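Below is one structure, written out as structure tokens; the observations come after it.
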Amino acid sequence: MAKIQSVRGTHDLVGETAAAHNYVVAAARDCAHRYGFEDIDPPIFEFTPVFARTMGEGSDVVRKEMYSFTDNGGEDISLRPEFTAGICRAFISGGMQQNLPLKFFAHGPAFRYERPQKGRQRQFHQIDAEILGVEGPGADIEIITLGAEILHDLGILQACVLDLNTLGDPESRLVYRDALVTYFSDHKDKLSEDSVDRLGRNPLRILDSKDDGDRKIVADAPLMAEFLNPASADFFAAVCEGLDTLGIAYNLNQRLVRGLDYYTHTAFEFVTDALGAQGAVIAGGRYDGLIKMLGGPPTPGIGWAGGIERLGMLAAHAPVPVRPIAFVPMGDAAERLALKLCHGLRRDGFTVDMAFRGNLSRRLKRANKQHARAALILGDDEIAKGVVTLRDLDDGGQQDVALDDIAVHLRKLLA
RNA sequence: GCGGGUGUAGCUCAGUCGGUUAGAGCGCUAGAUUGUGGAUCUAGAGGUCGGGGGUUCAAUUCCCCUCACUCGCCCCA
């Protein structure tokens, strides 16, 4: 550590980045609340098995991307690489099965030890939505709709495409998986090195390989749709029908698979081509077996996670900040009086900034830079007259205003 | 973990076929205006040329390593 610097893949949220971040979170939370989701904020670390068991020991995230450590009590702890496992753990340890169904919204940092690039960091931030305890396709429809509505509210829905697929129930998925293994084993000599590896660990993954040679083989591979049992096919049809009813456009993508073991039935991704290799902005699916796998009561679930940094980059328009009022006292007596006046104005709901240093010229420059709507100037002259000088920073006009009338005048100015 | 590109002032970038004091724009500070911002003018501050090592009389420039960023692979939000 030659220089003092942030850890690789971590960034300070400040200025425009912080504004974009908060904007995404606020828009998503508002939307989720309108859909009846309640907030949950689980710890950012859990016992390692919570993640390892649910995401699958064979998944890349668990194999090499987790920030794990032994704490001073000898416990095996991991920083969360995603939200779902922690929320399901909270559901189990909180005995929440009494209150099903539950709909949760969460947001915050997550951690993965990865090579950083655009839209991919080691500490990144997600918004997350989960519906627990709903077996039917209604939950799938609502959770996908919520994602679409958040993108709509952020003004970026048109920049995204919704890819949709089903992995079927565990029975269908297993049969399909066997069929894929058989098929790809026959073509093993022509598969890429990566895909030969996938064949053992996660054969479904071969379907979305970017390797040209793989793609040729994948083109003739058996399709999930052919292996769905009637129940799984009906379920997926109902999901599609619901989305059709709401006019939510989607693209059926039989190559869409999920990396994590716990997914069943519906899988979806809102993707964009505006962020380079990191296309997914909101992605998720159904995970009916997860809670039981964790040791809880068998409870179906479905959810998604969205990358706040990625969403923020797409929603480029910076939210317009409130224009403050700049208070400019000149001299000790004025500063003492300003302290009280500012306090009162802030209680009245005004956004007031008082610079702590600089002469009048300096402070007005600062006010201008903050796009302040007006400046309140208070010096010995004003104190003698019992007024402040209210300067309109848009047109340069100014007037004396009695101390008791400041709020009235400001309200008129801001209206 | 693997491959390519980049790293010069707070920011965006010139530049040096290896040579003496490394530049611009914007921003910052001060003054013109001892109590009036935006525009203009003037002056000023700010750089171990990412870090370490090597070659050389001499390295910001060439070579190696390293760190960070970036693009792609893997994987994923």
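This one's a predicted model, so the numbers in the text were calculated from it and none came from an experiment. Letters go in sequence order (proteins before strands), and every chain restarts at 1.
Distance from the side chain of Q398(A) is smallest to U36(B) among C75(B), U36(B), C73(B). Of the candidates C69(B), G38(B), A77(B), A77(B) carries the atom nearest the R112(A) side chain, counting heavy atoms from C-beta on. For R115(A), whose side chain is taken as the heavy atoms from C-beta onward, the closest listed nucleotide among C75(B), G35(B), G72(B) is G72(B). The nucleotide whose nearest atom lies closest to any side-chain atom of T389(A) is, among C74(B), C76(B), G35(B), G35(B). The side chain of R310(A) lies closest to A77(B) when the candidates are A77(B), G37(B), G35(B).
A heavy-atom distance below 4.0 Å to RNA chain B is reached by none of the residues of residues 325-337 of chain A.
A straight line from CZ of R205(A) to C1' of C75(B) spans 7 Å, rounded to a whole angstrom.
Residues Q126(A) and H107(A) bring no donor and acceptor atom of their side chains to less than 3.5 Å of each other. If you check the side chains of D220(A) and Y183(A), you find no donor sitting under 3.5 Å from an acceptor. In the model, D163(A) has a side-chain atom that pairs as donor or acceptor with a side-chain atom of N251(A) under 3.5 Å.
Using a 4.0 Å heavy-atom criterion, one finds that G279(A) contacts no nucleic acid atom at all. Among the protein residues, I377(A) comes within range of the nucleic acid bases, having at least one heavy atom under 4.0 Å from a base atom. When heavy atoms are screened at a 4.0 angstrom cut-off, E382(A) is found touching base atoms of the nucleic acid.
At least one cation-pi condition fails for R89(A) and F91(A): the charged atom is not both under 6.0 angstrom from the six-membered ring centre and inside a 45 degree cone around its axis. Remark: R80(A) fails to qualify as a cation-pi partner of F111(A) under the 6.0 Å distance and 45° angle criteria applied to the six-membered ring.
The partner of A39(B) is absent, by the rule that a Watson-Crick or G-U pair needs both atom distances under 3.5 Å.
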Heteroatom pairs (N/O) under 3.5 angstrom, protein to nucleotides 28-32 of chain B:
{"from": "C28(B)", "atom 1": "OP1", "to": "K369(A)", "atom 2": "NZ", "distance (Å)": "2.3"}
{"from": "U29(B)", "atom 1": "OP1", "to": "R362(A)", "atom 2": "NE", "distance (Å)": "3.1"}
{"from": "U29(B)", "atom 1": "OP1", "to": "R362(A)", "atom 2": "NH2", "distance (Å)": "2.5"}
{"from": "U29(B)", "atom 1": "OP2", "to": "R362(A)", "atom 2": "NH2", "distance (Å)": "2.9"}

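Ring-plane geometry between F227(A) and Y176(A) is classed as tilted, the angle between the planes lying from 30 to 60 degrees on a 0 to 90 degree scale.
Partners of E226(A) under the side chain to side chain contact (heavy atoms under 4.5 Å, CB included) rule, at least two apart in sequence or in another chain, are P222(A), L223(A).
Separation of atoms NE2 (H265(A)) and CG (N165(A)) is listed at 12.5 Å; rounding is to 0.5 Å.
With both ends at atom P, the span from C13(B) to U6(B) equals 14 Å, rounded to whole Å.
The shortest side-chain heavy-atom distance between R8(A) and R122(A) falls under the 4.5 Å cut-off.
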